[in-house]
2 protein chains.
Amino acid sequence: MGVLTSARRDQRERRVTAVADNARRVPAYRQVADDLRARIVSGEYPSGSLIPSERELVEEFGISRPTVRNALDLLRNEGVILVEHGRGAFVRPTPTVHRLARNRLSRKAREDNQGTFLGDAATGGWTPSVSVRVRFESADERIAGLLAIAPGTEVCVRDRLMRADGIPVQLATSWLPRDITRDSVLEQMDTGPGGAYARIEEMGHRLTMFEELVGSRMPTSDELVSLQLAAGIPVLTVTRVAIAEGGRPVEVNDMVLSSERYQLHYMLSAE
Amino acid sequence: MGVLTSARRDQRERRVTAVADNARRVPAYRQVADDLRARIVSGEYPSGSLIPSERELVEEFGISRPTVRNALDLLRNEGVILVEHGRGAFVRPTPTVHRLARNRLSRKAREDNQGTFLGDAATGGWTPSVSVRVRFESADERIAGLLAIAPGTEVCVRDRLMRADGIPVQLATSWLPRDITRDSVLEQMDTGPGGAYARIEEMGHRLTMFEELVGSRMPTSDELVSLQLAAGIPVLTVTRVAIAEGGRPVEVNDMVLSSERYQLHYMLSAE
DNA sequence: TAGTGGTCTAGACCACAGC
DNA sequence: CTGTGGTCTAGACCACTAT
């Protein structure tokens, strides 16, 4: 009972009306994608439900399976459906969006909480957990530039994977000049109450400012796995530079977050 | 001269070594995509150059055209190549990233410049141009919530398309309560020197704070056209709320930017 | 007119999930 | 075992670009 039998008729008729037909024909796979998307937003296929199988759609629309797959690939890349091999295609539930307040970086907020991530957890009411790996390397061009040190200088690198209620939500990598971290708890996995920034200040580097550079891109395949992202969902990237009294950058922190789960919330004075 | 003849042989052999072969076979289309991607990063196919045609790749790899297309679709969705009907597929040049400084919202900066967008142009050294459309509508749930007004209240809506040196770089839509804009230049296309914020302040609504909510997503098909985006490139979304003395929200501004061309730069006090 | 990508067919066989 | 998606073939014809 192909919805597209009419489309195919249009295609034949087009030869006769080639000049008048300025509006391009909508290809079959796109019509099917549009149709299925409409059924999803209308609620006919509720969130999380199984949509018809590829072979069923072949029957319903009267088109070949590659064309059906082409349509489903579109919806997959849009993040509308989630396909599982051997099981079927499901309407992808959209997670709730959390706001990450960036003014949490103020000294007051830092003293009140154990760290930015733990502070967000306290506000959001979820259980945080963090895996940490510490290593040392030579600063590359980019990190050296951001830390205002010579390329090749030894830096302490802290890789972290943050989880909320067990599910991975954020990747973060920090670089700190080794002359600041040497023989301190900053080279340990647990930096203690108040987080790394509290330790840095205790060591005499009073923080005056944070710079954050926010961008977005598609995830790498590694990020796709470790953050358990769906296809078609970009990540937010935040590069934060912590600047101490005297203007010295003391930490660079690269963060990667699912754009589907997080928004960044900045409060800026108009003065 | 198929690179993949070996892959096909592997496939046959897999039947015999099914248990030992834990590592899944890499499908042909993925091998081809990986191969082409490697040629691009190695510089064998320089930025902007034409890559071999689909039929040529069919010959080279000894696979069918749909499989070649599958590989190219991957690279297209990654934003690695740019395909033009009738011409061929090109290595996509990556535009330079501009930083948009958000502290440009301070009163000093607003007085110095003609508006945030024009101010960025002055700093960046490019020629700005803006198309504006003004209309009126009833506030929907979201806008009403952000402006702290009743849903259905009449608002003034300003749609803008900003260009840098003629190429579209940013979409913006502002909503303002009609009781603020009525009979003012805010309902005209050109809001004059200092931009809309200067006019709002002149009318007695001294601005105290901006909230910015930053997210990211794949572009809609409309945005893809108007911002001339390549496939596989997400957009950054910024929702800004301008808050006047007394805590009243006076403007909501939704911005959409190419993530490939822009990063947002925030400066936050550590105090 | 020749070469390019865009769409589509009608199959085939494989791998995975679940009963 | 059955039904699901994953991969692949060998074509066909159309639309667009450039000459």
Side-chain angles (χ1 to χ4, degrees), chain A residues 2-5 7-19 21-34 36 49-59 61-76 81-90 231, chain B residues 2-5 7-19 21-34 36 49-59 61-76 81-90 231:
Chain A
V3 165
L4 295 181
T5 47
R8 281 205 291 270
R9 194 161 51 242
D10 288 342
Q11 185 177 12
R12 275 197 297 275
E13 286 169 10
R14 253 194 105 246
R15 291 176 192 153
V16 198
T17 61
V19 177
D21 190 356
N22 293 355
R24 256 195 300 297
R25 178 183 92 89
V26 178
Y29 73 91
R30 193 160 270 291
Q31 288 183 53
V32 172
D34 291 345
L36 294 175
S49 69
L50 192 61
I51 72 173
S53 75
E54 294 179 357
R55 272 111 177 153
E56 281 168 346
L57 294 171
V58 164
E59 283 304 307
F61 288 96
I63 57 179
S64 70
R65 189 165 160 232
T67 302
V68 165
R69 283 187 62 81
N70 207 337
L72 294 180
D73 282 346
L74 260 187
L75 298 178
R76 211 196 313 211
I81 62 171
L82 189 151
V83 182
E84 292 184 42
H85 192 173
R87 300 227 302 142
F90 302 83
Chain B
V3 165
L4 296 179
T5 48
R8 280 204 291 271
R9 192 161 52 241
D10 288 343
Q11 185 177 12
R12 273 197 298 276
E13 285 170 8
R14 250 192 108 245
R15 290 176 195 152
V16 198
T17 61
V19 177
D21 190 356
N22 292 355
R24 254 195 300 299
R25 177 183 93 90
V26 177
Y29 73 92
R30 195 160 267 293
Q31 289 184 52
V32 172
D34 292 345
L36 294 176
S49 68
L50 191 62
I51 72 172
S53 75
E54 294 178 356
R55 273 117 179 143
E56 281 168 348
L57 293 170
V58 164
E59 283 306 306
F61 288 96
I63 57 179
S64 70
R65 189 162 160 234
T67 302
V68 166
R69 283 188 62 80
N70 208 338
L72 294 182
D73 282 347
L74 260 188
L75 297 179
R76 212 193 316 208
I81 62 171
L82 188 150
V83 181
E84 291 184 42
H85 193 173
R87 301 229 298 144
F90 302 83

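The analysis underlying the following values was restricted to heavy atoms, covering all of them including side chains, and did not include hydrogens, waters or symmetry mates. Every chain is numbered from 1, with letters handed out A, B, ... down the list of sequences.
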*Asks:* Output the single nucleotide from C:dC8, D:dC13, D:dG6 whose closest atom is nearest the side chain of A:P27.
*Replies:*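 For A:P27, the side-chain atoms sit closest to C:dC8.
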
*Asks:* When you get a sec, tell me which of C:dT7, D:dG6, D:dT7 is the closest nucleotide to the side chain of B:R25?
*Replies:*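 Comparing C:dT7, D:dG6, D:dT7 against the side chain of B:R25, the answer is D:dT7.
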
*Asks:* When all nucleic acid strands are considered with a 4.0 Å heavy-atom cut-off, which category describes A:R30: base, sugar-phosphate, or nothing?
*Replies:*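 The answer is nothing, as A:R30 stays clear of every strand by at least 4.0 Å.
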
*Asks:* Do B:Q31 side-chain atoms and B:V26 backbone N/O form a donor-acceptor pair below 3.5 Å?
*Replies:*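 Flag set: sc B:Q31 to bb B:V26 pair under 3.5 Å.
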
*Asks:* With sequence neighbours left out, write down each residue that passes salt bridge (Lys or Arg N to Asp or Glu O under 4.0 Å) with B:R55, or none if nothing qualifies.
*Replies:*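 Applying salt bridge (Lys or Arg N to Asp or Glu O under 4.0 Å) to B:R55 gives none.
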
*Asks:* Nearest heavy atom decides the nucleotide; on that basis, is A:V83 or A:P66 closer to the 5' end of DNA chain D?
*Replies:*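 On the 5' side of the pair lies A:V83.
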
*Asks:* Can you measure A:I81 atom CD1 to D:dT4 atom P for me and round it to whole angstrom units?
*Replies:*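 After rounding, the reported distance stands at 15 Å.
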
*Asks:* How long is the gap from CG on A:D73 to CG on B:D73, to the nearest 0.5 Å?
*Replies:*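 Rounded to the nearest 0.5 Å, the CG-CG separation comes to 8.0 Å.
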
*Asks:* If you compare every side-chain N and O of B:Y29 against the phosphate oxygens of D:dC8 (OP1, OP2), does one of them come in below 4.0 Å?
*Replies:*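 For D:dC8, OP1/OP2 do not have a side-chain N/O of B:Y29 under 4.0 Å.
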
*Asks:* Between N or O atoms, less than 3.5 Å apart, protein on one side and nucleotides 1-3 of chain D on the other: list the pairs.
*Replies:*
| residue | atom | partner | partner atom | Å |
| --- | --- | --- | --- | --- |
| D:dG3 | N2 | A:G86 | O | 3.0 |

*Asks:* Which residues pass the side-chain hydrogen bond (donor to acceptor under 3.5 Å, both in side chains) test with A:R30, sequence neighbours left out?
*Replies:*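 Counting only residues at least two positions away or on another chain, A:R30 forms no side-chain hydrogen bond (donor to acceptor under 3.5 Å, both in side chains).
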
*Asks:* For A:S64, check side-chain hydrogen bond (donor to acceptor under 3.5 Å, both in side chains) against everything at least two apart and list the hits.
*Replies:*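 By the side-chain hydrogen bond (donor to acceptor under 3.5 Å, both in side chains) rule, A:S64 matches A:T67.
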
*Asks:* Given the structure, check if the side chain of A:R76 and the base of D:dG5 hold any donor-acceptor pair shorter than 3.5 Å.
*Replies:*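 Answer is no: no donor-acceptor pair is held.
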
*Asks:* Starting at the 5' end of DNA chain C, which residue's closest nucleotide do you reach first, A:E84 or A:N70?
*Replies:*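 The residue mapped nearer the 5' terminus is A:N70.
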
*Asks:* Taking only residues two or more places apart in sequence, or in another chain, which ones meet A:L82 in a side chain to side chain contact (heavy atoms under 4.5 Å, CB included)?
*Replies:*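 A:L82 satisfies side chain to side chain contact (heavy atoms under 4.5 Å, CB included) with A:E84, A:R92 only.
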
*Asks:* For B:N70, what residues pass the side-chain hydrogen bond (donor to acceptor under 3.5 Å, both in side chains) criterion, not counting sequence neighbours?
*Replies:*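 B:N70 satisfies side-chain hydrogen bond (donor to acceptor under 3.5 Å, both in side chains) with no other residue.
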
*Asks:* Does a side-chain N or O of A:R65 approach OP1 or OP2 of D:dT4 to a distance below 4.0 Å, or not?
*Replies:*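 Indeed not, no polar side-chain atom of A:R65 lies that close.
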
*Asks:* Looking only at side-chain atoms of B:A28, point me to the closest of D:dC8, C:dC8, C:dG5.
*Replies:*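 Output: D:dC8.
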
*Asks:* Does a side-chain N or O from B:T67 land closer than 4.0 Å to OP1 or OP2 of D:dT9, or not?
*Replies:*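 Yes, within the criterion.
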
*Asks:* Any side-chain N or O of A:S64 under 4.0 Å from OP1/OP2 of C:dG11?
*Replies:*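 Answer is no, no contact under 4.0 Å.
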
